[in-house]
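As structure tokens, the structure follows; a few thoughts come after it.
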Amino acid sequence: MKLETLAIHGGNIVTDSEKPVIQPITLSTTFIHQPESMIYARANNPNRHSLEKLLAALEKGGDAAAFSSGNAAGVAVFQALEPGSHIIAPDDMYHGLKNAILSIFKGVLEATFVDMTDLDKLENAFRPNTKLVWLETPSNPLLKITDIASVAKLAKEKGVMLACDNTFATPVFQNPIDLGADIVMHSSTKYFGGHSDILGGALITKEADEFWEKVKNVQIGGGAVPSPMDCYYLCRSIKTLPYRVKGHAEHAMVLANFLSHHDAVERVYYPGLKSHEGHMVAANQMTGFGGVLSFLVKGGADAADRVISKLKYFTNATSLGGVESLIERRAASEGPDTLTPQNLIRVSVGLEHLYDLLEDMEDALK
Ligand SMILES: *Cc1c(COP(=O)(O)O)cnc(C)c1O
């Protein structure tokens, strides 16, 4: 099946005798004991099973585990590591997960944060107890691009597992497992949900190995699982994922070009631009450049805030991946320790009409 077909048919496991076309929502928390039946909703549920089957297929993995948030998915990987293990992660890792490593796992795991786009720096960061390399590409909010296949090769040589946060790219544009990753992570809250109304996360493994058993144990034992309703709505949203993200990326490309020629703009970060330092690697490993871009406004934080306050169709809110355009001055969301420039605006480009978006942005930059 091609991706668009898989997105529509890959998650249906209708077993009801009435034969509905769409899989119903199963709310029961418990199941009548019989051989082969599901037992209890924390361990499994038909809607979660459908979602996990669909996610594994989309990311070309052997199995998937759905969580109640992207952070819960990421934290499950860290929890499955032996205490004393060392992690190498990007210096601009998603701030919520970086904070989790530094706070929840303080004294339990060691971590080094490096610029992953520099393979020498990555190689120098390995220690005898390194057990995991964590990747995020495109990164948030600078849209830095890391060469997944090269990092995978290095990790393999060192006998270390590679996990990749694929939230920004989605499986429509990038399949980390095909490029050598062992585990893929998603915040389903973003493009999978696609309408800013579901919180969720997912892990997909290349194969159901010994480490994956531990991850599943954290999922079921820790219990940070999504509700049947959330799983149902995610399966519903994913049916349109390929068309939505192609639309987002088309709009982002035009907006990035527009901004890169505007006098009030200092710099634009979008991997689809030839001027972006990761453009060639992105063009090689992705089939589209995604729907998120960032730009620096001339004149600092105040000027950036002024632009945001004038916009009509870009809502000043955090998060990304919904059909509506969202915009924020990122440093304000990331807190005082952030390395993000104070005048950086991150845009999640939505599916409103492109001309409305361009006109709105042009007016706000005046
Ligand atoms: C949002 C996000 C997360 C965290 O996901 P939640 O669903 O908010 O817990 C992790 N990584 C990236 C790249 C994200 O954008």
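Model, not experiment: these values are computed from the prediction. Every number for a ligand or one of its atoms is a count from 1 in the order of the listing. The figures that follow rest on heavy atoms only: side chains count, while hydrogens, waters and symmetry mates do not.
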Which pairs of donor and acceptor atoms, one on a side chain in residues 158-165, lie under 3.5 Å apart (sequence neighbours left out)?
unit_1	atom_1	unit_2	atom_2	d
Asp165	OD1	Thr167	N	3.1
Asp165	OD1	Thr167	OG1	2.7

Name the atoms and distances for all side-chain donor-acceptor pairs under 3.5 Å in residues 230-238, with sequence neighbours left out.
unit_1	atom_1	unit_2	atom_2	d
Ser237	OG	Gly193	O	2.9
Ser237	OG	Tyr233	O	3.2

Establish, for the pair Lys246 and Tyr243, whether the NZ or CZ atom is under 6.0 angstrom from the six-membered ring centre and no further than 45 degrees off its axis.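 The answer is yes; both the distance and angle limits are met.
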Using side-chain hydrogen bond (donor to acceptor under 3.5 Å, both in side chains), reason through Asn129 and Ser85 one step at a time and then give a plain yes or no. CA-CA 6 Å; Asn129 59 336; Ser85 298; over 6 Å; no
For a distance cut-off of 3.5 Å, show me each N or O of ligand 1 paired with any protein N or O, plus the separation.
unit_1	atom_1	unit_2	atom_2	d
ligand 1	5 (O)	Ser187	OG	3.0
ligand 1	7 (O)	Gly70	N	2.9
ligand 1	7 (O)	Ser187	OG	2.8
ligand 1	7 (O)	Thr189	OG1	2.6
ligand 1	9 (O)	Gly70	N	3.0
ligand 1	9 (O)	Asn71	N	2.8
ligand 1	11 (N)	Asp165	OD2	2.7
ligand 1	15 (O)	Lys190	NZ	2.8

Show every donor-acceptor pair shorter than 3.5 Å between a side-chain atom in residues 60-72 and any protein atom, with sequence neighbours excluded, or say none if there are none.
unit_1	atom_1	unit_2	atom_2	d
Lys60	NZ	Asp178	OD2	3.1
Asp63	OD2	Trp212	NE1	3.0
Ser68	OG	Ala224	O	3.3
Ser69	OG	Asn71	N	3.4
Ser69	OG	Ala72	N	3.0
Asn71	ND2	Gly96	O	3.4

Side chains of Arg346 and Ser333 only: does a donor on one sit below 3.5 Å from an acceptor on the other? no
